[in-house]
Colleague: 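Below you'll find the structure I mean.
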Amino acid sequence: MVLRLEKAKGIDIFMEETIALIDKLEAESRLSRAEWIALIEGRSPNAAEYLFQKARKWQQRYFGRQIYARGLIEFTNYCKNDCYYCGIRRSNRSAQRYRLTKEEILECCHTGYGLGFRTFVLQGGEDGWFSQEALEEIVHAIKSKYPDCAITLSLGERSYESYLGLFRAGADRYLLRHETADASHYRSLHPPELTLGNRKQCLYWLKEIGYQTGTGFMVGSPGQTAAHLAEDLMFLRELEPQMAGIGPFVPHHETPFAGEPGGTVELTLFLLGLLRLMLPSLLLPATTALGTIDPMGREKGILAGANVVMPNLSPTSVRKKYELYDNKICTGDEAAECWACLNRRMEKIGYELAVSRGDFPDAPARKQ
Ligand code: 5AD
Ligand code: FES
């Protein structure tokens, strides 16, 4: 009996500590490495609920009940890199490779604009086939046709000059996840030619040039510990990106990590909540990967503090081929169905998709 009481008391003390850390995070917007680790390791369903309530309060203070939609155009799945987790890595010989033409990309934008999208995200593998000039021409063509839209690029690591040229051609935002902020963990997820140092350098360049910059990491990638996640959170605190994409690691059958366990919904949601409290105006997507491992994943993401969704605008003929991980959702649906489906899903939980560029609330004026 005494033992039981002691145990119960122990749990209470533990719980009080995590609640106190959540309060501290909200009040001070930062925690020490040791505090982050204690909070992540000490989390419980009750602490998570407490966190999500606060996260929703900040989400609604900045964004109301409007969820920003970004139309994702996956325009090439050729990639010169060989990340161990990624289904479109160059060593995956069974991937069917494709590239969209400029006309096909513009056609995606046309469909998307009609549906209400005001941000287009051009995402691809690191594909040298598209020259700098070709990319600038695509960006320029979209910008001229849709001057009221934001263009986001997600093309991986490039030179300062290349980023600058694309910005001058009309790109507004750039997404480049850092994947993990721990250098040795980074090495265990990537071949030696990719380094955390270069990834971070690219992110600082992007911010310096004036892009609204997004970074992020996978949750539950092989070998990840609470200490690694603490590094990720501290790196985000330092970089202060405008956006952070986090989603669970989902194994892909044709990669070296095929047999590794995937990340969990529970930990992904907890981290979304922490990010919302740390950087309250952050653009935070409820990712497709989260929707893939749980049919209600995106709704749960919104209720944990996320405020962005990124439905697919790629032609249905290529959707299945952009398979970063197994069982990716929405690969058979038309863009219109995706918009309608997500809108319905958002309305069911008291939110709605916004027809808006959905800029970062404190975004600096664009210097040309
Ligand atoms: N599981 C989850 N996310 C993945 N990504 C790549 N492969 C996987 C995977 N197996 C993510 C990476 C990348 C983004 C485009 O997709 O974080 O930055
Ligand atoms: Fe293409 Fe990692 S496999 S960037």
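Order of listing sets the numbers, starting from 1, for every ligand and every atom in it.
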Colleague: Can you tell me how the ring of W205 sits relative to the ring of Y160, calling it parallel under 30°, perpendicular over 60° and tilted otherwise?
Modeller: perpendicular
Colleague: Under 4.0 Å from a heavy atom of F249: which atoms of ligand 1 are those, numbered in the order shown and with their elements?
Modeller: 1 (N), 2 (C), 10 (N)
Colleague: As an exercise, identify every atom of ligand 1 less than 4.0 angstrom from a heavy atom of R177.
Modeller: 11 (C), 12 (C), 17 (O), 18 (O)
Colleague: Based purely on interatomic distance, does H252 place a nitrogen or oxygen under 3.5 Å from a nitrogen or oxygen of ligand 1?
Modeller: no
Colleague: Compute the minimum heavy-atom distance from M218 to ligand 1 and say whether it is under 4.0 Å.
Modeller: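 True for this residue.
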Colleague: Distance check, rounded to the nearest 0.5 Å: K200 atom NZ versus F235 atom CZ?
Modeller: 5.5 Å
Colleague: Measure the distances from the heavy atoms of C86 to every atom of ligand 1 and state whether one is below 4.0 angstrom.
Modeller: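 C86 counts as a contact of ligand 1 under the 4.0 Å cut-off.
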Colleague: For atom 10 (N) of ligand 1, what is the closest protein heavy atom, and at what distance to 0.1 Å?
Modeller: V250 O, 2.7 Å
Colleague: When the ring centroid of F130 is compared with that of F75, is the distance short of 6.0 Å?
Modeller: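 Between F75 and F130, which both carry aromatic rings, the centre distance is below 6.0 Å.
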Colleague: So between Y85, F257, Y325, whose heavy atom ends up nearest atom 7 (N) of ligand 1?
Modeller: Y85
Colleague: State yes or no: are the ring centers of F257 and H252 separated by less than 6.0 Å?
Modeller: no
Colleague: Tell me if the aromatic rings of H178 and Y186 count as close, with their centers under 6.0 Å from one another.
Modeller: no
Colleague: Knowing that exactly one of Y68, W339, Y146 qualifies, which makes a ring-ring contact (aromatic ring centres under 6.0 Å, His included) with F117?
Modeller: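 Considering Y68, W339, Y146, a ring-ring contact (aromatic ring centres under 6.0 Å, His included) with F117 is found only for W339.
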Colleague: Could you list which atoms of ligand 1 come closer than 4.0 Å to a heavy atom of E179?
Modeller: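 Here the atoms of ligand 1 in question are 12 (C), 13 (C), 17 (O), 18 (O).
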Colleague: Provide, to 0.1 Å, the distance between atom 16 (O) of ligand 1 and the closest protein heavy atom, together with that atom's residue and name.
Modeller: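 Ranking protein heavy atoms by distance from atom 16 (O) of ligand 1, first comes L324 CD1, 3.4 Å.
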Colleague: Is Q212 close to T152 at the side-chain level, that is, under 4.5 Å between some pair of heavy atoms?
Modeller: no
Colleague: Report yes if some N/O of A289 lies less than 3.5 Å from some N/O of ligand 1; otherwise report no.
Modeller: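 N/O-N/O distance under 3.5 Å: no.
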Colleague: Does ligand 1 have any atom sitting under 4.0 Å from a heavy atom of P248?
Modeller: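 Contact present.
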Colleague: Checking side chain to side chain contact (heavy atoms under 4.5 Å, CB included) between E74 and each of L72, T76, N77, which is the one that passes?
Modeller: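 For E74, the side chain to side chain contact (heavy atoms under 4.5 Å, CB included) check succeeds only for L72.
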